[in-house]
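Presented below is the structure to which this report refers.
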There are 2 protein chains.
Amino acid sequence: MLINQLAHRTGVSTRALRHYDGLGLLSSRRLGNGYRDFAESAVEEVRRIRLLLDIGLGLQAVAQVLPCFDQDGALTACPTARERLRGQIRDLDSSIAELQRTRGLLAGALDDLVDI
Amino acid sequence: MLINQLAHRTGVSTRALRHYDGLGLLSSRRLGNGYRDFAESAVEEVRRIRLLLDIGLGLQAVAQVLPCFDQDGALTACPTARERLRGQIRDLDSSIAELQRTRGLLAGALDDLVDI
DNA sequence: GTAAGGTTTGACATGGGTGTCAAGGTCAAG
DNA sequence: CTTGACCTTGACACCCATGTCAAACCTTAC
């Protein structure tokens with residue numbers, strides 16, 4: 001599929017998709033006219049990239065972790081990547097706890113200790 | 001107190017403190033030699049600034065909200081600021097929920113649905 | 001005097017994913 | 001042929017709190 005269609009199906013801008021593709025993160029080939037031709041699997045790949053970006057990885061790290069997903073989206077092999085993501089989850093938990101603590105402090109300052 | 005001491009007591013770099021002071025966010029005057037002389041209250045002011053930065057405000061927004069804290073650290077007056085911070089808390093809650101959702105997705109990919 | 005360590009201002013760098021614009025190729029429809 | 005919609009690469013802007021470096025002043029200790 002062409003880049004515009006992939007953008008519509010994923011909600012990601014063509015600019016970002018070209019960037020991901022330039023880093024070799026997407027299954028794509030080139031048509032005779034030079035246009036990118038994305039495989040159907042690229043949709044799922046984009047979802048994974050966004051997931052990994054969301055957890056705080058950079059694109060460089062994404063490039064290392066992405067190949068470790070199997071077709072079902074599970075991370076069975078790649079012990080290194082698994083350990084890295086475990087660490088990322090721990091960081092995520094820390095962030096969540098920190099945000100909750102901060103939220104409590106702020107709500108306290110607002111004298112609204114209950115919900116907003 | 002001098003800037004280095006404030007930096008030590010707050011854990012914030014002198015660079016950041018000068019930046020805050022340049023924006024008028026800190027109680028300071030100048031000694032005869034031009035050195036900044038921070039009031040004791042600056043310690044608490046720095047804590048508030050960091051809190052507000054942590055919840056996602058920029059320094060410009062901090063400058064608007066900061067004067068609304070009373071001496072006890074409560075935000076009693078300034079309805080505009082209060083409303084802004086309420087909104088910020090809502091955003092914070094959204095962020096927390098999103099992080100938790102993301103964490104769930106990632107843990108699922110790791111086949112570690114329980115705790116890490 | 002001079003060395004050391006604090007301080008001042010100013011300017012520039014940084015990150016890093018994405019927006020945006022430029023200049024141009026491709027192709028189907030009228 | 002022309003128009004318009006799509007695609008290409010490349011370059012630059014941005015955010016914005018903070019790091020970092022330079023040049024210079026103040027003070028104290030030796």
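By convention in this document, chain letters (A, B, ...) are assigned in the order of the sequence lines, proteins followed by strands, and residues within each chain are numbered from 1. Any value given below was found using the heavy atoms of this structure, including those in side chains, with hydrogens, waters and symmetry copies removed.
With salt bridges taken as basic N to acidic carboxylate O contacts below 4.0 Å, none links A:Arg9 and A:Glu44.
At least one side-chain nitrogen or oxygen of A:Arg36 sits closer than 4.0 Å to the OP1 or OP2 atom of D:dT8. Contact between the side-chain N/O atoms of B:Tyr35 and the OP1/OP2 oxygens of D:dT27 is not found at any separation under 4.0 Å. Contact between the side-chain N/O atoms of B:Ser13 and the OP1/OP2 oxygens of D:dG19 is found at a separation under 4.0 Å. Residue B:Arg15 places no side-chain N or O under 4.0 Å from the OP1 or OP2 atom of C:dA13. Proximity of B:Tyr20 to the phosphate of D:dT18: a side-chain N or O atom is located under 4.0 Å from OP1 or OP2. Residue A:Arg18 places at least one side-chain N or O closer than 4.0 Å to OP1 or OP2 of D:dT8.
The CG-P distance, from A:Leu52 to C:dG17, rounds to 12 Å in whole Å. Remark: C1' of D:dA24 and CG of B:Asn33 are 14 Å apart, rounded to the nearest angstrom. One atom, CG of A:Asp21, and another, P of C:dG17, lie 16 Å apart when rounded to the nearest Å. To the nearest angstrom, C1' of C:dG16 lies 13 Å from CZ of A:Arg50. Rounded to an integer number of Å, the gap from CD1 of B:Ile3 to C1' of C:dT9 is 12 Å. Look at CG on B:Leu59: it is 14 Å from P on D:dC15, rounded to the nearest Å. Rounded to a whole Å, the CG atom of B:Leu2 is 20 Å from the P atom of D:dC25. Regarding B:Leu23, its CG atom lies at a distance of 8 Å from the P atom of D:dA17, rounded to whole Å.
Across C:dT18, D:dT8, D:dC6, the shortest atom-to-atom separation from the side chain of A:Leu53 is found for C:dT18. Counting only heavy atoms from C-beta on, A:Asn4 has its side chain closest to D:dC7 among D:dT18, D:dC7, D:dT9.
Here CG of A:Asp21 is found 5.0 Å from CZ of A:Arg36. Values are rounded to the nearest 0.5 Å.
Counting only heavy atoms from C-beta outward, the side chains of A:Leu31 and A:Leu2 approach each other to under 4.5 Å.
Side-chain N/O atoms of B:Asp54 and A:Thr102 include no donor and acceptor closer than 3.5 Å. Under 3.5 Å, the side chains of A:Arg50 and A:Tyr20 contain a donor-acceptor pair of N or O atoms.
Taking the nucleotide of DNA chain D with the nearest heavy atom to each of A:Gly34 and B:Gly58, the more 5' of the two is matched to A:Gly34.
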